[in-house]
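Since the structure comes first, as C-alpha cells, the remarks are kept for the end.
Just so you know, ligand 1 is whichever comes first in the structure, and atom 1 is the first atom listed for that ligand.
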Amino acid sequence: MGNFVLVISSPSGGGKTTIINELLKRRKDVKRVVTATTRAPRQGEKNGRDYLFWTAGNFESAVKQGAMAEWAKVFSDYYGTPKAGLESLLKKNIIPVLNIDVQGAKTIKKLYKNSVLVFIMPPSWAELKKRLLARRGGTNDINLRLKTAKKEAAQIKHYDYLLINDKLEQAVTDLSDILTAEKLKVKRSKNNVNRKRI
Ligand code: ADP
Ligand code: 5GP
C-alpha cells in the first residue's frame with residue numbers, strides 16, 4: 001500500500017532522462033526500471049543500462065508470454081516495461097521510476113492505481129526544438145517528434161503533476177519534493193502512530 005510507481009512522461013527531448021538521472025544521484029529510495037525497445041541505440045547508449053535493446057521477435061514473444069506490464073508502439077518502434085523489473089523494486093520498498101510515453105502511463109495507472117504520474121514540459125516549443133537538435137547523437141525525425149509533442153501535451157489531464165523543465169536544478173528539486181510529499185500522504189502511512197497516546 002505504502003509504495004508506489006513513479007511515472008515520468010514528456011515530449012521527446014523534454015528532459016525526462018536528464019532529470020531522472022539527477023534524481024537518482026540525490027535519492028537512494030528511487031531506482032529506474034530499464035525498459036525494452038526495438039529502436040537502435042543512440043550514440044553512447046548501452047544495452048541494459050539505458051534500454052534493453054531487443055529484436056522485434058524477442059519483444060513480440062515477451063508480450064505473448066505476458067511478461068510486459070505495458071507496451072506501446074512509439075514512432076515506428078516497440079517500447080515496453082518488463083513486469084519483473086518493476087515488481088522486484090516494489091517488493092523491496094524502492095520507488096520504481098518509469099520513463100514512458102502517455103499510452104504507457106495510462107496503462108500503468110490502471111494496473112497500479114496508486115501510481116504517481118508526472119508530466120514534464122520544456123519552457124517553450126522553441127527551446128524544445130533547440131534541445132532536440134543539440135542532443136548527443138541527434139534525432140533525425142525532429143519534425144515528427146515536435147508534432148507528436150504537441151499532441152502529447154493535450155494529455156496532461158491524465159497526470160497528477162506538471163513540471164516545467166526550465167532550470168534543471170530546480171526541476172529536479174521540484175520532482176524530489178513531489179516524492180517527499182507523496183510518501184508523507186496519510187493514505188500511504190503504515191499507521192505507525194499510536195493514536196491511544198494522543
Ligand atoms: P528526453 O529523455 O525527455 O527525451 P533528454 O533528457 O534526453 O530528454 O533531454 C534532451 C536534451 O535536452 C539533452 O541534450 C539534455 O542535456 C538537454 N536538457 C535537459 N534538460 C535541460 C535543461 N533544463 N536545460 C537545458 N538543457 C536541458
Ligand atoms: P526515445 O526513443 O526518445 O528514447 O523514447 C521515445 C519515447 O518512448 C519516449 O516518450 C519514452 O518515454 C517512451 N518510452 C520509453 N520506454 C517506454 C516503455 O517501456 N513503454 C512506453 N509506453 N513508452 C516508453
Taking [atom] as the reference point, the nearest protein heavy atom with its distance:
atom	value
atom 16 (N) of ligand 2	T35 OG1, 3.0 Å
atom 7 (C) of ligand 2	V74 CG1, 3.7 Å
atom 4 (O) of ligand 2	Y51 OH, 2.6 Å
atom 13 (C) of ligand 2	D101 N, 3.7 Å
atom 11 (C) of ligand 2	N99 OD1, 3.7 Å
atom 6 (C) of ligand 2	Y79 OH, 3.6 Å
atom 20 (N) of ligand 2	E70 OE2, 2.7 Å
atom 3 (O) of ligand 2	R42 NH2, 2.8 Å

If we only count heavy atoms from C-beta on, is the [X] to [Y] side-chain gap below 4.5 Å?
X	Y	answer
S12	T148	no
Y112	E87	yes
S9	L117	no
N165	S10	no
I19	L168	yes
W71	T107	no
K73	Y79	no
L146	K129	yes

Polar contact flag for [X] and ligand 2 (N/O pairs, less than 3.5 Å):
X	value
Q103	no
G80	yes
S10	no
W71	no
R145	yes

Non-hydrogen atom of A171 closer than 4.0 Å to ligand 1: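 Flag not set, A171 not near ligand 1.
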4.0 Å heavy-atom contact, D166 with ligand 1: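 Yes, that is the case, since the closest heavy atom of the residue is under 4.0 Å from the ligand.
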Looking at [X], which atoms of ligand 2 are within less than 4.0 Å of one of its heavy atoms?
X	result
G104	22 (N)
R39	1 (P), 2 (O), 4 (O)
A72	22 (N)
T81	19 (O)

Side-chain donor-acceptor pair present, T180, R27, cut-off under 3.5 Å: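 Checked: T180/R27 side chains pair up, N/O donor to acceptor below 3.5 Å.
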Element-labelled atoms of ligand 1 that are located less than 4.0 Å from some non-hydrogen atom of [X]:
X	result
S10	3 (O)
T17	1 (P), 2 (O), 6 (O)
P11	3 (O)
L168	23 (N)
N165	19 (C), 20 (N), 21 (C), 22 (C), 23 (N)

Whether W54 and F59 hold their rings parallel, tilted or perpendicular, with breakpoints at 30° and 60°: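 Ring orientation, 0 to 90° scale: perpendicular.
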For [atom], tell me which residue out of [options] has the closest non-hydrogen atom.
atom	options	result
atom 8 (O) of ligand 1	S9, S12, G15	G15
atom 18 (C) of ligand 2	I100, V102, L132	I100
atom 17 (C) of ligand 1	R131, E127, E22	R131

Flag, side chain of K16 to backbone of I120, donor-acceptor distance under 3.5 Å: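 Answer holds: no.
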Any donor-acceptor pair under 3.5 Å from T38 side chain to Y78 backbone: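 Yes; at least one donor-acceptor contact below 3.5 Å.
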In one Ile/Leu/Val/Met/Phe/Trp/Tyr side-chain cluster, 4.5 Å: L98, M121: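 Linked within one cluster.
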For the student: nearest non-hydrogen atoms of R49 and V34, plus distance: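 Shortest heavy-atom contact: O-CG2, 3.8 Å.
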Electrostatic pair D29:K183 at N-O distance under 4.0 angstrom: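 Salt bridge flag = yes for K183 with D29.
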Cationic N near anionic O, under 4.0 Å, R26 to E169: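 E169 and R26: salt-bridged.
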Nitrogen or oxygen atoms of K16 and ligand 1 under 3.5 Å apart: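 Among all N and O atoms of K16, at least one is under 3.5 Å from an N or O of ligand 1.
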side-chain contact (heavy atoms from CB on, under 4.5 Å) between L175 and E22, intermediate numbers included: CA-CA 10 Å; L175 182 57; E22 289 304 312; over 6 Å; no
Contact partition for M68 relative to ligand 2, non-hydrogen atoms under 4.0 Å: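 Neither; nothing of M68 gets under 4.0 Å from ligand 2.
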